[in-house]
Amino acid sequence: MKPNGTKKYVLKFNGMRGGVENEDLSFSKLSMGVSHVNGSLKSDVGMGRGKRQISVADSEEDLPILTLNSDDVYIKDLFLYRRTLSDGTYDDRLIAHTTNNLLYSLALYDSGDWTAIDGVTTNGKCCAVSFNSNGEDVALISGNTNNLIMINDTTASLNENAPKFNSMAFHHERVFATTRNNRNRVWFSADFNPLNWKVSAEEAGYIEFQDEYGALLEIISLGDYIFVFKENAIMRITAYADQTEFTVTKITVGLDRIISGSIVQLGENIYFLTTSGLYSFDGYTVTRLNRFMPEIIDDRNLTACGLGDKYYYATRLEIDGDEGIGENNAVVVYDLKQKTFSVIGGVDILKLIAVTSHHLRRVYAVRKGDVYVSEITDDGSIYGLSTIKKWKSVESNFGTSAKKVLRRINVFTKRDVKFCVIADGVKTTHEIFGSDKWQSVRIERSGYVMQFEIAGDSVDIKPIELEFDLVK
């Protein structure tokens, strides 16, 4: 057999695409612990101890450990309570919900410790919303099994007459909410009194949705409207002052199943996942951003948030080995500008929450079993421990049925990596040492179909030039 000329192919790292339809070598089949920057591969996605910064002039400090009375008790949920004092001082708080059904408050702009919120307990899965009531910034917390709780500073009070909510939004001096026990009803509080849930023509009430678009998932205030997300549709509620003038409009129907927990407001848009990809919604139009997504094998506990130009979600992916342990065993970071995914595994995340509060911009995370808050970092490690960074391409015949002989690769990598070639199912590994110069590495592997892997404790590698012969 004679070579039919030397061919060159530049292997870029443009991101991650799930699904069987991905045939582009530049989009990986698997990326773990890496990000994709202008065609290069870097390891700058990680997780560490959550931090706060008391003022712009202060250095960062670790969020304190929550001291609990049992080794079996840990934080299971986290909420942001937006609060400003009468003199203009920032006093925003984190509210932690523990597995023994208690609530704790932590100031983000003070160096104090966690403080117990006495007098209340809350069970099950909860939701929260902040608003101003009679000149005081308060937070409402509700759940599928507990009474509505109002928190003012560290004082809590119960509203035993309110329904038990699973989603709440503050809109035009009312709280709108949904419940778990009636998945086709949207409740609204009395005007100018979000604590009054007595149903009447002048006070509180509810709107029934009699349709076939599935259960209510989330309710969000965006602009002048309330948007209701159902399993297969998005509805709009126009609600100004008089409840008799409330109207409901169908925005879009027939969507593939919207994944509960994925619905996130970020700026002037709402982002959400369905079983067919990632979507955005600007209040008028639904746009699919990416149909290629990491394969989710269980989305029942999915949690999501957004910060800056990135959409984050934790869920259960198909991951081998120890990194696959946990209900939500991975965090996926989607770059809304680059339209690419990055994934970190080996975690078990119960909650993600984005905090954009004054000078503080963080994505906090709650790991199962922890009594402290974590955050997503850009140092490529998990709590200072280096993790294996992996990148794996799809299989390709490079558009020809001819046999390929990969002679060499030209590579620029600043870190030691393993470059693996899988030719017709046979895998060979080549050790490449980090350098500040381009390197030519001899490969000499042949096959009709090829696939490539890169792994290392840290990666910083530019697009790789492949040189191969086509053999007749």
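Put simply, the side chain of Asn193 gets close to the backbone of Leu195: a donor and an acceptor are under 3.5 Å apart. Lys389 places no side-chain N or O within 3.5 Å of a backbone atom of Ala455 that could act as its donor or acceptor partner.
A salt bridge links Lys42 with Asp460: at least one charged nitrogen is closer than 4.0 Å to a carboxylate oxygen. Contact check on Arg367 versus Asp348 returns no salt bridge, with no Lys/Arg side-chain nitrogen under 4.0 Å from an Asp/Glu carboxylate oxygen. Ionic pairing of Asp298 and Arg316 is not present here: no N-O contact between side-chain nitrogen and carboxylate oxygen is shorter than 4.0 angstrom. One finds no salt bridge joining Glu212 and Lys230 here, because no Lys/Arg side-chain nitrogen approaches an Asp/Glu carboxylate oxygen to under 4.0 Å. Between Asp299 and Arg257 there is a salt bridge, since a side-chain N of the basic residue sits under 4.0 Å from a carboxylate O of the acidic one.
Using cut-offs of 30° and 60° on the angle between ring planes, the pair Phe170 and Phe131 is parallel. Ring geometry, Phe227 versus Phe281: the interplanar angle exceeds 60°, so the pair is classed perpendicular (tilted spans 30 to 60°).
In this structure, OG on Ser357 lies 6.5 Å from CG on Leu108, to the nearest 0.5 angstrom. With rounding to the nearest 0.5 Å, the separation of OG1 in Thr315 from CD1 in Ile349 is 11.5 Å. Distance CG/Leu41 to NZ/Lys390: 14.0 Å, rounded to 0.5 Å.
Applying the side chain to side chain contact (heavy atoms under 4.5 Å, CB included) test to Thr249 and every residue at least two apart in sequence or in another chain returns Arg236.
Residues Trp391 and Phe419 keep their aromatic ring centres 6.0 Å or farther apart.
A donor atom on one side chain and an acceptor atom on the other are found under 3.5 Å apart for Ser381 and Asp379.
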